Structures are given as structure tokens and as C-alpha cells.
Amino acid sequence: MHQSLPSNVLTRRRFFEQLGLIGGASLVMSAMSSLELMAGQAGVRPTLSGKPAKSRVIILGAGVSGLVVAYELNKLGYDYRVLEARDRVGGLNWSVRRGTEHTEFVDGKSGEKQVCAWDEGHYVNVGPWRIPYTHTGVLNYCRELGVPVQVFVNEADNSYFFYENNAAGALSNKRVRLREVKADMIGHTNELIAKAIDKNALDVPLSADDKQRFVKYLVSQGYLDATDHAYKAFEFRGPGDPYALDVLLESGFANRVRSIPATDGTSAAPMFQPVGGMDQFPKGFQRALPANRIAFNAEVQSVLQSDTGVKVRYLDTKSGKTTEVEADFVVACLPMTILSKIEINVSDEMKAAIKQVTHSNSAKMGLMMKRRFWEEDDHIFGGHLYSNLPLGEFSYPSYDYFTKKGVLLGLYANGPVGDLLDRTVAERIEHVLTHASKVHPQVRQELESAFTVFWKKVKYSEGGYAGGAAAARREQLSKMENRIVIGSAATTPYSQPDWQEGAVSAGWQALQTVHARAMRG
Ligand SMILES: Cc1cc2nc3c(=O)[nH]c(=O)nc-3n(C[C@H](O)[C@H](O)[C@H](O)COP(=O)(O)OP(=O)(O)OC[C@H]3O[C@@H](n4cnc5c(N)ncnc54)[C@H](O)[C@@H]3O)c2cc1C
């Protein structure tokens with residue numbers, strides 16, 4: 001029943017009306033966004049109410065999507081349970097640190113085993129590692145769950161470009177600082193524009209006064225000489241003469257200097273990371289749920305529904321015992337690589353759509369270094385190396401600056417790197433050291449130990465993030481078929497599946513669907 005409130009009570013609506021009076025629509029928009037009423041990249045978190053008569057739900061998988069569903073069903077008072085094959089939450093969200101064990105999984109058999117022996121406090125995020133500020137779904141949960149975040153440095157001006165094999169013309173096979181490329185490109189460009197305006201050679205649609213202001217801006221933004229408007233070397237660009245414009249253009253370096261991408265909002269500054277490792281995010285959900293709700297080491301083997309319920313059979317991988325549990329509904333938050341192999345009675349169209357989803361061939365390698373030489377010798381603090389070396393993204397840690405040791409991300413690839421996937425761990429480490437030494441000769445001497453994860457060889461994943469799918473396939477995947485709905489990132493309606501925001505939005509979608517179905521009875 002709707003009751004009218006006394007005029008001195010500040011409801012959300014009145015609060016926004018008053019803000020609108022003071023600051024106009026834009027102030028209302030930013031305030032609504034911070035209270036989660038507006039869509040971030042994942043859309044709006046669904047506001048659900050009501051508790052259905054039949055509310056037993058089994059969630060398959062405790063990755064980010066499964067945890068989102070569990071957390072929200074918990075709030076609604078459902079009788080839910082999460083079955084997770086691993087002994088930890090997070091799925092792809094995995095931070096490797098001291099004691100982490102990983103046995104590769106190849107053609108159904110166990111392969112090489114690694115045990116992480118790094119000092120306490122050091123880690124590498126072998127799955128997700130950065131959160132764009134536009135990913136309000138993830139960031140709002142971090143705030144709500146009390147997961148502290150810090151800035152992830154996605155671009156550091158002192159980092160290097162290094163292109164080998166003549167790929168950058170005269171600038172090939174040498175280390176060129178990002179700040180040099182930025183300063184020289186901006187300087188040369190502004191000099192050309194300022195001089196053209198001086199000579200009236202540019203048809204600028206501005207008044208004489210505005211032209212003067214424009215030149216003033218070009219001078220200050222482009223480090224130009226105030227008198228002759230020429231770009232000259234300056235102290236904070238670093239030592240040496242500027243690179244010539246034609247040399248820079250041939251290098252192609254400048255084409256990589258853009259923090260705000262044209263097509264999505266995923267790399268604009270600042271980006272964030274949870275303090276202490278990305279796994280603090282799923283652990284935040286785990287802390288918020290009653291302990292008995294997640295069953296670990298529970299490898300789901302079949303999901304069979306009837307008109308009255310769903311039976312889920314799982315293997316307890318610790319005891320070897322198989323158990324069957326029954327529920328009213330199932331939300332499957334598994335990778336499609338795994339779901340496609342499980343016995344499940346959904347339609348042929350659904351099975352075909354599940355099979356069509358591909359998962360990335362992603363790999364990462366953390367290199368524990370005895371000394372933070374990139375900081376001490378090269379003054380690089382976070383950010384990445386821009387290179388054409390077969391290392392994918394090579395990155396410097398955005399935590400524990402100015403301490404003794406640190407973990408470099410020596411390799412981050414999202415596709416095949418030669419035949420590395422089929423090589424031994426020692427051979428993969430040798431590959432990374434060989435190529436990284438071209439830029440950082442210290443890397444071999446300072447290496448303490450490495451840990452590598454090639455996601456195609458990880459049990460219960462068998463691949464990295466789900467590939468983006470056409471709208472029709474996503475629509476198919478998100479349909480509830482009687483008592484079963486899929487909720488993992490591959491079904492995301494708003495954001496990309498290669499971001500945790502995609503897993504959040506997919507979880508929300510499945511949550512809404514299962515709740516609506518349950519309320520219907
Ligand atoms: C290398 C890499 C880098 C990435 N970088 C970023 C980034 O920087 N920022 C970002 O936001 N996102 C990033 N992502 C994407 C992000 O990790 C995913 O979008 C998200 O984690 C997917 O979550 P999910 O719940 O859909 O799937 P998953 O994490 O795959 O969860 C599935 C769960 O199901 C469980 N499971 C599997 N089989 C069974 C079974 N038989 N029975 C029971 N349980 C089972 C698994 O153990 C797992 O816990 C990255 C991913 C990768 C691989």
C-alpha cells in the first residue's frame with residue numbers, strides 16, 4: 001500500500017528533485033549513478049522483491065557470475081546452494097601466491113605441477129587484473145562487500161617502447177620512452193598547427209582573438225617556444241634531442257598512445273584493482289554468504305530436469321562419493337567448455353548455442369624478482385612495456401612500490417604464442433627470459449622463480465574468457481528452459497564477457513529470470 005509521507009521526510013525521489021533544482025540534470029545523473037539507480041556498463045542492478053513458495057535453487061559454479069546470483073538470492077531469502085568443483089571461489093578470478101598449486105590438465109590427464117614459493121604478500125593475478133572505472137557493477141559490489149581497491153596504473157610515462165626486426169624503422173631495436181613519444185608527437189603537431197595559423201595558412205573558423213588564444217594553448221600544451229613557436233627539447237622530456245616527426249611516424253609508436261578507446265570505456269584512467277589481489281573480490285562475496293551455502297570440491301556431472309524439479313548429480317572429488325541433490329531451479333554459471341560436456345536435458349538449440357561459444361587461449365606468467373630493478377634502475381612505476389616481442393602484454397606491478405622484491409607480469413597473451421602451450425614450464429620460462437632480456441637485461445639475473453598459467457590447460461576452465469557472441473546466440477543462451485537458466489559471462493546482455501562486469505550483468509539477468517519463473521510457481 002502506498003502511503004503519502006510528511007513533506008519534511010527526504011525520500012530518494014525528493015532528494016533527486018532538490019538536486020535537480022540546484023544543479024540541473026547532470027547533477028541528478030551523477031548522484032543517481034553513485035546510488036546505483038543509473039546504469040553503469042553492466043546496466044542496473046535488478047531490484048527484486050517477494051519470496052516464492054518453491055525457492056530451492058542450485059547454482060553451478062562459484063565464479064563471479066555464480067557468486068552474484070548466490071549473493072542476491074541470499075538477500076531474497078531463497079533456499080539456495082552453490083556447487084563448486086574447485087576448493088576456492090572465483091573461477092577465472094585467480095590470484096597466485098605462496099602455496100598456490102597448479103597441475104596442468106591435458107586431454108583429461110594430469111600434467112606438470114607447479115607450487116608457488118614466493119614470499120608472503122606477493123601475488124600475480126593470472127585471470128582478471130584490472131577494473132575500469134566504468135564497471136560500476138563490479139566496483140559497487142567491492143564497496144558493498146568492503147573490498148578495498150587501489151589504482152591500477154595502466155599507463156606509466158616512463159615505460160618503454162621496444163620493437164625488434166625493423167618494425168619501427170630507425171627506432172627499431174632500441175628502448176624509447178613513452179614520455180619521449182608523447183612529448184615529441186604533441187610538440188611537432190602543435191608546432192605545425194601554430195605556424196600554419198601564424199601564416200594564416202589554416203582555415204580556422206575562429207575570430208582573431210580566439211586564434212590568439214588557440215596559439216597560446218598550442219604553445220603551452222605542445223612545449224613550443226613562445227617566440228618562434230618551434231618545438232625544442234625540454235628538461236622533463238628527458239635527455240637528448242626530440243625524434244624527428246618522420247622517424248616517429250614510421251615507428252608507429254604514437255598510434256598506441258591513447259588511453260581513451262573509441263569503442264568502449266575499458267582503459268580510460270583510472271583503472272582499479274583490489275588491494276592484495278583480484279581474488280579479494282570473490283572472497284568478499286564468500287565472506288558475505290553463510291558458510292554452508294557453498295559446497296567445494298563438488299564436480300557437477302549431470303543436470304536433469306522434469307516438470308517437478310531438477311536433479312543434480314555431483315562428485316565429491318575429495319571423498320570420491322557421488323551425490324544427487326534436488327532443487328526447483330538451476331542456474332548454470334559454468335564455462336561453456338564445461339557445460340557442453342555435462343549431461344543436461346535442455347533443447348538441441350540450446351546445446352548448439354553452448355557448443356558455439358569459444359573461450360580464449362589466454363596465458364599469463366608471473367616472475368618473482370629479487371630486486372625491483374624496473375623501479376630502481378629504470379624509474380618505471382606500473383604500466384606496461386609496448387613491444388612487438390612474443391610476450392603479449394609485459395607489465396610492472398601497481399603495488400608495493402619502493403619495496404625490495406616484486407612480481408612482474410612477464411607474459412599475458414590471449415592467443416597462441418608459437419607452440420608455447422605445448423612446451424614444458426621450464427621452456428616457457430626460458431622463452432620469456434630470452435625476450436624480456438632484450439629490454440631488461442637484469443631479468444635473468446634477478447629472477448627468483450616463475451609461475452605460469454595457460455588457461456587451456458586448467459581443469460574446470462579449459463580456456464580463458466568466453467568470446468563475444470552475436471545477439472541471437474546470446475538471446476538463445478539466456479532463455480530459461482523450464483527449470484534451467486544459464487548465468488555465466490557468455491550470456492551477458494550489456495558488457496563484454498571478457499570482463500568481470502560481463503559476469504555481473506549475466507548473473508543479474510539469470511537472477512531476474514529465475515526469480516520471475518519462481519514467482520510464477
Ligand atoms: C587471462 C584473463 C584476463 C582477464 N582480464 C580481466 C580484467 O582485467 N578485468 C576483468 O574485469 N575481467 C577480466 N577477465 C574476464 C573475467 O575473468 C571473466 O569475465 C569472469 O571471471 C567470468 O566469470 P564467470 O563466473 O562467468 O566464469 P568462471 O570464472 O569461469 O566461473 C565458472 C565456475 O564454474 C566452476 N566449475 C567448472 N566446472 C565445474 C563443474 N563441473 N562443477 C562445478 N563447478 C564447476 C569453476 O571452477 C568456476 O568457479 C579476464 C579473464 C582472463 C582469462
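Everything numeric here is computed off the predicted structure, so don't read it as measured data. Numbering of ligands and ligand atoms starts at 1, following listing order. As a basis for the values below, the full set of heavy atoms in this structure was taken, side chains included, without hydrogen atoms, waters or symmetry mates.
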How far is [atom] from the closest protein heavy atom, and which atom is that?
atom	result
atom 29 (O) of ligand 1	Leu92 N, 2.9 Å
atom 34 (O) of ligand 1	Gly61 CA, 3.4 Å
atom 32 (C) of ligand 1	Cys333 O, 3.3 Å
atom 14 (N) of ligand 1	Asp498 O, 3.3 Å
atom 11 (O) of ligand 1	Gln500 N, 2.8 Å
atom 49 (O) of ligand 1	Glu84 OE1, 2.6 Å
atom 23 (O) of ligand 1	Ala503 CB, 3.6 Å
atom 46 (C) of ligand 1	Arg86 NH1, 3.3 Å

Looking only at N/O atoms, are [X] and ligand 1 under 3.5 Å apart anywhere?
X	value
Ala85	yes
Val64	yes
Ile342	no
Asn93	no
His135	no

Please check if any side-chain donor atom of [X] sits under 3.5 Å from a side-chain acceptor atom of [Y], or the reverse.
X	Y	result
Ser461	Arg86	yes
Ser505	Thr492	yes
Thr434	Glu430	yes
His440	Tyr160	no
Arg517	Asn482	yes
Asn125	Gln273	no
Tyr460	Glu299	yes
Tyr71	Glu144	yes

Contact with ligand 1 for [X], non-hydrogen, under 4.0 angstrom:
X	answer
Gly502	no
Ile131	no
Ser461	no
Ile338	yes

Checklist line | Test side-chain contact (heavy atoms from CB on, under 4.5 Å) applied to Val106 and Lys109, step by step | finding: CA-CA 5 Å; Val106 193; Lys109 292 192 212 95; 5.8 Å; no
As a check for students: among [options], identify the option with a heavy atom nearest to [atom].
atom	options	value
atom 7 (C) of ligand 1	His359, Lys341, Arg130	Arg130
atom 40 (C) of ligand 1	Asn154, Val300, Val68, Leu315	Val300
atom 3 (C) of ligand 1	Tyr412, Phe281, Trp94	Tyr412

Notebook entry, point to check: Phe381 vs His379 aromatic rings, parallel, tilted or perpendicular, using cut-offs 30° and 60°?
Noted result: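 Correct class here is parallel.
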Next item on the list: Name the orientation class of the two ring planes belonging to Tyr141 and Trp508 (parallel below 30°, tilted from 30 to 60°, perpendicular beyond 60°).
Entry: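 Tyr141 and Trp508: tilted rings.
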Notebook entry, point to check: Does atom 27 (O) of ligand 1 have a protein non-hydrogen atom under 4.0 Å from it?
Noted result: no
Next item on the list: Please name the residue in the list Arg428, Arg423, Lys459 that meets the salt bridge (Lys or Arg N to Asp or Glu O under 4.0 Å) test with Glu104.
Entry: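 So the option named by the test is Arg428.
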At a 4.0 Å threshold, what atoms of ligand 1 neighbour a non-hydrogen atom of [X]?
X	value
Ala298	42 (N), 43 (C)
Ser488	26 (O)
Ser362	1 (C)
Gly464	53 (C)
Glu299	41 (N), 42 (N)
Ala62	49 (O)
Gly90	29 (O)
Leu83	43 (C), 44 (N)

Check: Are the charged groups of Arg56 and Asp79 less than 4.0 angstrom apart, N to O?
Finding: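 Asp79 and Arg56: not salt-bridged.
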Check: Is Glu349 salt-bridged to Lys479, cutoff N-O under 4.0 Å?
Finding: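 No, no charged N to carboxylate O under 4.0 Å.
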Is ligand 1 under 4.0 Å from a heavy atom in the side chain of [X], in the backbone, in both, or in neither?
X	value
Val89	neither
Val126	backbone
Pro128	both
Pro497	backbone

Margin query: Please confirm whether the ring centroid of His102 lies under 6.0 Å from the ring centroid of Trp94.
Written below: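 Yes, the ring centres sit under 6.0 Å apart.
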Notebook entry, point to check: Do other residues, nucleotides or ligands put more than 12 heavy atoms under 6.0 Å from Lys438 NZ?
Noted result: yes
Next item on the list: Before giving the answer on ring-ring contact (aromatic ring centres under 6.0 Å, His included), spell out for Tyr78 and His515 the whole-Å C-alpha distance, their side-chain angles and the decisive distance to 0.1 Å.
Entry: CA-CA 10 Å; Tyr78 271 72; His515 185 60; 5.8 Å; yes
Notebook entry, point to check: Tyr399 side chain to Tyr123 main-chain N or O, any donor-acceptor pair under 3.5 Å?
Noted result: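 Yes, because the side chain of Tyr399 sits within donor-acceptor range (under 3.5 Å) of the backbone of Tyr123.
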Item checked: Minimum side-chain heavy-atom gap Val303-Gln305 below 4.5 Å -> no
